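In this text the structure is predicted, and so the values were computed from the model without any measurement. The figures here come from the full heavy-atom set of this structure, side chains too, leaving out hydrogens, waters and symmetry mates. Positions are given from 1 along the sequence.
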Amino acid sequence: MANDTKTKSGRHEAREAVFTLLFETEYHDGEAPETILARAAEDREFNAADKYITATYLGVMQHLPELDALIGKYAKGWKTGRLSRVSRAVLRLGTYEMTFGGVPAPVAINEAVELFKKFDDPESKTKSFVNGVLNAVKDAVKDGFPADLMPAAEPAEESAEESAAETPADDE
């Protein structure tokens, strides 16, 4: 792959590399994304230094709960875990690009559908399903990620100094 992913063809190839990483991750439950990325870079021909590939793959993995919640909301009648691995990887990538990746929705949707057509069963009837879910996601995120789907923030741990400052001193 060329080092320059700014061309349409180069970006498509980089997107395909991210898709394959997401697909591969499905078979390595519990393994760190950085480990999967490093191993894949050694085994396949893609530039591990490509910022788009690295940032997008790690970004999807970082935001997986939010992405799956959003996909689940619009995959009417389907839980994310029940989708095929190809569908899940394509939907996660397309949703990430629209919500966190700064990719215009029409581009993200078109690229996702092209990946789906390339990697899924040609007889599959779910291409329109993937397109429909991504269009619903597009409409939902026009003004930003829906607040009702953001995971609850975990309470920050207090430092020992903060705990001591809040505890009244013994006067006795």
Should D120 and L115 be marked as a side chain to side chain contact (heavy atoms under 4.5 Å, CB included) after you check the CA-CA gap, both sets of side-chain angles, and the distance that decides it?
-> CA-CA 8 Å; D120 201 39; L115 285 169; over 6 Å; no
About how many Å separate [atom2] of [Y] and [atom1] of [X], when rounded to the nearest 0.5 Å?
{"X": "L67", "Y": "L91", "atom1": "CG", "atom2": "CG", "answer": "10.5 Å"}
{"X": "E24", "Y": "Y57", "atom1": "CD", "atom2": "OH", "answer": "7.5 Å"}
{"X": "M98", "Y": "L93", "atom1": "CE", "atom2": "CG", "answer": "9.5 Å"}
{"X": "I36", "Y": "L21", "atom1": "CD1", "atom2": "CG", "answer": "8.0 Å"}
{"X": "Y96", "Y": "L22", "atom1": "OH", "atom2": "CG", "answer": "11.0 Å"}
{"X": "S84", "Y": "E26", "atom1": "OG", "atom2": "CD", "answer": "9.0 Å"}

Using modelled atom types only, decide if a donor and an acceptor are shared between the side chain of [X] and the backbone of [Y] within a distance under 3.5 Å.
{"X": "T20", "Y": "A17", "value": "yes"}
{"X": "T99", "Y": "T95", "value": "yes"}
{"X": "R85", "Y": "F23", "value": "no"}

If every non-hydrogen atom of [X] is compared with every non-hydrogen atom of [Y], which pair is closest and at what distance?
{"X": "A140", "Y": "Y74", "answer": "CB-OH, 3.2 Å"}
{"X": "L58", "Y": "P33", "answer": "CD2-CB, 3.8 Å"}
{"X": "Y52", "Y": "A14", "answer": "CD2-CB, 3.5 Å"}
{"X": "K117", "Y": "E114", "answer": "NZ-OE2, 3.0 Å"}
{"X": "A112", "Y": "L134", "answer": "CB-CD1, 3.4 Å"}
{"X": "F129", "Y": "A75", "answer": "CZ-CB, 3.7 Å"}

Are I109 and V103 linked, directly or through other ILVMFWY residues, by side chains that come within less than 4.5 angstrom of each other?
-> no
same_hphob_cluster(V107, V18) at 4.5 Å side-chain heavy-atom cutoff | no
Worked check of side chain to side chain contact (heavy atoms under 4.5 Å, CB included) between R39 and T35 | CA-CA 6 Å; R39 185 178 50 246; T35 303; 4.2 Å; yes
Is it true that R11 and E111 make a salt bridge, defined as a side-chain N closer than 4.0 Å to a carboxylate O?
->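 Looking at R11 and E111, the cut-off is not met.
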Are K118 and E16 within salt-bridge range, i.e. N to O under 4.0 Å?
-> yes
Could you list the residues that satisfy salt bridge (Lys or Arg N to Asp or Glu O under 4.0 Å) with D68, not counting sequence neighbours?
->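 Per chain and number, D68 pairs via salt bridge (Lys or Arg N to Asp or Glu O under 4.0 Å) with R92.
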Evaluate side chain to side chain contact (heavy atoms under 4.5 Å, CB included) for L70 paired with V141, printing each intermediate quantity in order.
-> CA-CA 9 Å; L70 191 54; V141 298; 3.7 Å; yes
Ignoring hydrogens and angles, state whether a donor on the side chain of N135 or N131 is under 3.5 Å from an acceptor on the partner side chain.
->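 Judged by distance alone, the side chains do pair up.
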May I have the step-by-step check of side chain to side chain contact (heavy atoms under 4.5 Å, CB included) for Q62 and F100, ending in yes or no?
-> CA-CA 11 Å; Q62 177 186 352; F100 299 105; over 6 Å; no
